[in-house]
Amino acid sequence: LGVLYYFMLFAEYPFGGMDIKQDINKKCQDGFNVRKVITKAEKLTDITPGVEDFFKKIFEIDPKKRLTFARMLSHQLFAQNHCRESRRFY
């Protein structure tokens with residue numbers, strides 16, 4: 001769900017390359033940072049603290065710390081109707 005939502009917001013995938021498992025480990029090892037992953041600077045303008053927090057929690061490597069589906073839906077990002085207000089959905 002995290003990759004799908006990321007793609008809907010930024011029209012690009014957060015992970016890729018020849019070795020996707022290595023790419024995931026590299027980008028998530030010290031906490032996922034959406035600002036370091038996005039490839040086009042103009043997409044950085046709509047990133048709110050809620051968006052950053054959501055992706056950091058959803059792309060957590062440790063499954064015990066990662067957001068569950070129920071916790072995803074109650075995250076401030078969805079509670080604040082960010083989905084309806086964002087200009088970034090493609």
Side-chain angles (χ1 to χ4, degrees):
L1 185 63
V3 172
L4 176 63
Y5 188 61
Y6 187 96
F7 186 83
M8 289 169 56
L9 282 176
F10 304 115
E12 63 184 51
Y13 292 103
F15 311 109
M18 295 299 287
D19 187 349
I20 195 163
K21 191 172 187 177
Q22 183 180 10
D23 192 38
I24 290 170
N25 286 332
K26 177 182 161 192
K27 290 178 179 174
C28 296
Q29 190 64 38
D30 296 322
F32 186 84
N33 186 333
V34 70
R35 293 186 179 277
K36 291 181 180 178
V37 176
I38 289 180
T39 59
K40 296 185 176 139
E42 70 270 7
K43 294 180 182 180
L44 293 172
T45 59
D46 287 342
I47 297 176
T48 65
V51 169
E52 288 185 85
D53 182 66
F54 177 79
F55 287 118
K56 184 171 186 162
K57 290 178 179 175
I58 196 68
F59 293 138
E60 169 63 47
I61 289 180
D62 184 348
K64 293 178 182 178
K65 294 179 183 177
R66 191 178 309 139
L67 285 180
T68 62
F69 186 73
R71 287 180 52 214
M72 270 188 255
L73 295 178
S74 65
H75 188 275
Q76 66 177 350
L77 186 65
F78 293 100
Q80 295 173 349
N81 293 320
H82 174 82
C83 300
R84 288 188 216 143
E85 298 168 9
S86 178
R87 299 175 307 212
R88 278 284 163 219
F89 278 97
Y90 290 92

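Bear in mind that the values here come from a model prediction, so they are computed numbers and not experimental data.
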Check the surroundings of atom [atom1] in [X]: do more than 12 heavy atoms from other residues, nucleotides or ligands lie under 6.0 Å from it?
| X | atom1 | value |
| --- | --- | --- |
| Asp19 | CG | yes |
| Lys27 | NZ | yes |
| Gln22 | CD | no |

Enter the distance from [X]:[atom1] to [Y]:[atom2] here, rounded to the nearest 0.5 Å.
| X | Y | atom1 | atom2 | value |
| --- | --- | --- | --- | --- |
| Met72 | Leu1 | CE | CG | 5.0 Å |
| Asp62 | Cys28 | CG | SG | 12.0 Å |
| Leu4 | Leu9 | CG | CG | 10.0 Å |
| Asn25 | Ile20 | CG | CD1 | 11.0 Å |

Would you say the ring centers of Tyr6 and Phe15 fall short of 6.0 Å from each other?
no

If you compare all heavy atoms of [X] against all heavy atoms of [Y], which two are closest, and at what distance to 0.1 Å?
| X | Y | value |
| --- | --- | --- |
| Ile47 | Arg35 | O-NH2, 3.3 Å |
| Glu12 | Val37 | OE2-O, 3.9 Å |
| Tyr13 | Val3 | CD2-CG1, 3.9 Å |
| Phe32 | Pro14 | CZ-CB, 4.0 Å |
| Glu52 | Val34 | CG-CG1, 3.7 Å |

Show the numbers, then the answer: is there a side-chain contact (heavy atoms from CB on, under 4.5 Å) between Phe54 and Gln76?
CA-CA 8 Å; Phe54 177 79; Gln76 66 177 350; over 6 Å; no

Please check this pair: side chain of Arg66 against backbone of Ile61, looking for a donor-acceptor N/O pair closer than 3.5 Å.
yes

